[in-house]
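For reference, the structure is listed below as structure tokens.
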Amino acid sequence: MKLFDVYPLFDVNIVKGQGCKVWDDKGQEYLDLYGGHAVISIGHSHPHYIEKITEQVSKLGFYSNSVINKLQVELAERLGSICGYDDYQLFLINSGAEANENALKLASFTNGRKRVLSCQKAFHGRTSLAVEATDNPKIIAPINNNGHVTYLPLNDLPAWEAELAKGDVCAVIIECIQGVGGIQMATAEFAQGLAKACKQHGAVLVCDEIQCGYGRSGRFFAHQWLGIKPDIITVAKGIANGFPMGGVLISPEFKPVYGQLGTTFGGNHLACAAALAVLDVFEQEQLVENARETGDYLMGEIKKIDSPKIKDVRGRGLMIGIDLDCPHKDVRQPLIYEQHCFTGCAGTNILRLLPPLCLSKAEADEFINRLKKCL
């Protein structure tokens, strides 16, 4: 059997990681400004993370959600306290797409509606409802194209208000910093107006914090820069530093019903141990604060680069987009193959930086030097 060939791959075989560095099978070291697509939050192979996972799997890796799992309770309490949502409820699953699926399903259960408003250039996942809310027709199969979603421009508040006023909107789902969309950021004026309009017209506001959340923006959630409190928050990626996990943070206004949502693997013992280890390191090493400080420093240094190839730099914390006047591959490929540095990308001409939240200023300087050589 061969692999189903859907990923264009770089010719690099990564076999080891430590902090913000990874190594290939030939022993070549790479600086990681990609974090496995924003997944590596506390750094590769953190010793505390390894210890807690090893300790848990030596006792029990998995049992079903038909029994008490005190690790889930501990995770809900710790996460609520750290992120500022201790009055919310937590439902644990396996991925970001699944988090968004359950968020939209819960919204529809609650108000009985079917229509969703989503942003132009949004990315919310590749499963049924999540992919329909994603503004990319190339990945929406006919079976997913069910007419539930209206795409609207980010920050165009009157357009969203007009759709909400029709009274049939089930949910609004937004990334307060768009990832795949190119590090486009919602404004506070737009976000606050949108939250108000959702309340007025009975629509559920879902903030997709799968990429921009979990400390990456320099606050625990990106929407916390904007002065809003969504009804539902979805998380994944950095929640367990590479162990597959996702979560839905749900307002106390939603009342759970037995059997309404469910999962086989979600919130398993090993996943919870990984997620608790991440929160330990967040607190011990002040990684949210580091994301803000190092991110500000890195953006400032990129803006100082005197190159006509850089058109714009934007972002928050350690979620940064660099607009180029050329295809991103013209810079990204030499960064990987010549300067041995991983970055992400978006669109056709945007470099996307999503490093582990432990990135140091010295490593930021190292990236700047390598980027300059490629420019």
Side-chain angles (χ1 to χ4, degrees), residues 7 10 12 14 17-22 30-44 46 95-97 121-125 175-185 208-222 225 234-246 278 281-282 287-288 290-299 301-302 312-324 328-329 331-333 335-336 339-347 349-361 363-364 366-368 370-371:
Y7 297 117
F10 292 110
V12 181
I14 297 299
Q18 184 70 51
C20 293
K21 303 285 179 67
V22 293
Y30 295 77
L31 181 63
D32 186 9
L33 270 286
Y34 185 50
H37 208 81
V39 166
I40 301 300
S41 50
I42 61 173
H44 297 278
H46 193 288
S95 69
K121 299 186 178 180
F123 186 92
H124 295 295
E175 306 157 272
C176 291
I177 306 174
Q178 290 187 319
V180 173
I183 319 298
Q184 305 297 335
M185 298 192 292
D208 177 340
E209 294 273 356
I210 289 160
Q211 187 170 140
C212 61
Y214 241 82
R216 181 154 297 281
S217 74
R219 292 192 177 177
F220 202 93
F221 292 126
W225 290 99
T234 56
V235 295
K237 292 195 184 293
I239 188 174
N241 203 52
F243 196 97
M245 194 181 201
V278 166
V281 177
F282 268 34
L287 291 190
V288 180
N290 184 70
R292 182 168 62 250
E293 293 172 11
T294 305
D296 287 348
Y297 174 78
L298 179 55
M299 274 193 286
E301 292 302 301
I302 297 169
D312 188 28
V313 182
R314 59 184 174 270
R316 288 193 194 276
L318 289 172
M319 187 171 183
I320 300 170
I322 306 172
D323 262 344
L324 301 169
H328 55 66
K329 67 178 182 179
V331 177
R332 193 181 182 208
Q333 291 203 0
L335 267 172
I336 293 173
Q339 296 303 315
H340 308 299
C341 179
F342 281 104
T343 69
C345 62
N349 66 325
I350 300 169
L351 284 183
R352 190 163 31 137
L353 308 184
L354 305 163
L357 306 187
C358 58
L359 186 79
S360 67
K361 289 182 181 177
E363 288 166 330
E366 197 176 333
F367 169 72
I368 294 294
R370 298 185 195 196
L371 178 61

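- Scanning all heavy atoms of the two residues, the minimum distance from Ala222 to Cys176 falls at CB-CB, 4.2 Å.
- Arg352 contributes no side-chain N or O that, together with a main-chain N or O of Gly344, makes up a donor-acceptor pair within less than 3.5 Å.
- Looking at Arg370, its side chain does come within 3.5 Å of a backbone N or O of Gln339 through a donor-acceptor pair.
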Give the C-alpha distance, both sets of side-chain angles, the deciding distance and a yes or no for side-chain contact (heavy atoms from CB on, under 4.5 Å) between Ile302 and Ile368.
CA-CA 7 Å; Ile302 297 169; Ile368 294 294; 3.5 Å; yes

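- For His328, the ring-ring contact (aromatic ring centres under 6.0 Å, His included) test picks out no residue, with sequence neighbours left out.
- Side-chain contact between Val288 and Leu357 is absent, with no heavy atoms from C-beta onward closer than 4.5 Å.
- Heavy atoms only, all atoms of each residue included: Ala291 and Gly215 are closest at CB-O, 3.4 Å.
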CA sep, side-chain torsions, deciding dist, call: Ile350, Cys345, side-chain contact (heavy atoms from CB on, under 4.5 Å):
CA-CA 5 Å; Ile350 300 169; Cys345 62; over 6 Å; no

Residues Val12, Phe342; criterion side-chain contact (heavy atoms from CB on, under 4.5 Å); working and verdict:
CA-CA 11 Å; Val12 181; Phe342 281 104; 4.1 Å; yes

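- For the atom pair CZ (Phe10) and CD1 (Ile336), the distance works out to 3.5 Å, reported to the nearest 0.5 Å.
- Heavy atoms only, all atoms of each residue included: Cys212 and Glu209 are closest at SG-OE1, 3.5 Å.
- The cationic atom of Arg216 (NZ for Lys, CZ for Arg) does not lie both less than 6.0 Å from the six-membered ring centre of Phe221 and within 45° of the ring axis.
- In terms of modelled atom types and a separation under 3.5 Å, the side chain of Asn290 and the main chain of Leu359 share a donor-acceptor contact.
- Looking at residues two or more places apart in sequence or on another chain, you find a side chain to side chain contact (heavy atoms under 4.5 Å, CB included) between Lys21 and Trp23, Glu29, Leu31, Glu363, Glu366.
- By the salt bridge (Lys or Arg N to Asp or Glu O under 4.0 Å) test, Glu301 is found to be paired with Lys304, residues two or more places apart in sequence or in another chain being considered.
- Screening Leu298, Ile183, Leu318, Leu371 for a side chain to side chain contact (heavy atoms under 4.5 Å, CB included) involving Leu353 leaves a single residue, Leu298.
- Panel note: side chain Arg332, backbone Thr343; a donor-acceptor pair is recorded below 3.5 Å.
- Not counting sequence neighbours, the partners of His44 by the side chain to side chain donor-acceptor pair (under 3.5 Å) test are Asp32.
- Considering all non-hydrogen atoms of both residues, Ser217 and Trp225 come closest at OG-NE1, 3.0 Å.
- A 4.5 Å side-chain heavy-atom check between Cys358 and Leu287 finds at least one atom pair inside the cut-off.
- Aromatic ring pairs are classed by plane angle as parallel below 30°, tilted from 30° to 60° and perpendicular above 60°; the pair His340 and Tyr30 is perpendicular.
- Asp312 pairs by the salt bridge (Lys or Arg N to Asp or Glu O under 4.0 Å) definition with Arg314, not counting sequence neighbours.
- Nearest heavy-atom pair across Gly35 and Pro356 is CA-CD, 4.2 Å.
- No side-chain heavy atom of Phe123 sits under 4.5 Å from any side-chain heavy atom of Asp208.
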Kindly indicate, with the supporting measurements, whether the criterion side-chain contact (heavy atoms from CB on, under 4.5 Å) is fulfilled by Gln211 and Met319.
CA-CA 9 Å; Gln211 187 170 140; Met319 187 171 183; 3.5 Å; yes

Exercise answer: donor-acceptor pairs, residues 238-245 side-chain atoms, under 3.5 Å, sequence neighbours excluded:
unit_1	atom_1	unit_2	atom_2	d
Asn241	OD1	Ser41	N	2.8
Asn241	OD1	Ile42	N	3.0
Asn241	ND2	Gly43	O	3.1

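- When side chains are defined from C-beta on, Val235 does not count as touching Ile210, because their heavy atoms never get closer than 4.5 Å.
- The main-chain N or O of Asp323 is never found under 3.5 Å from a side-chain atom of Asn349 such that the two would form a donor-acceptor pair.
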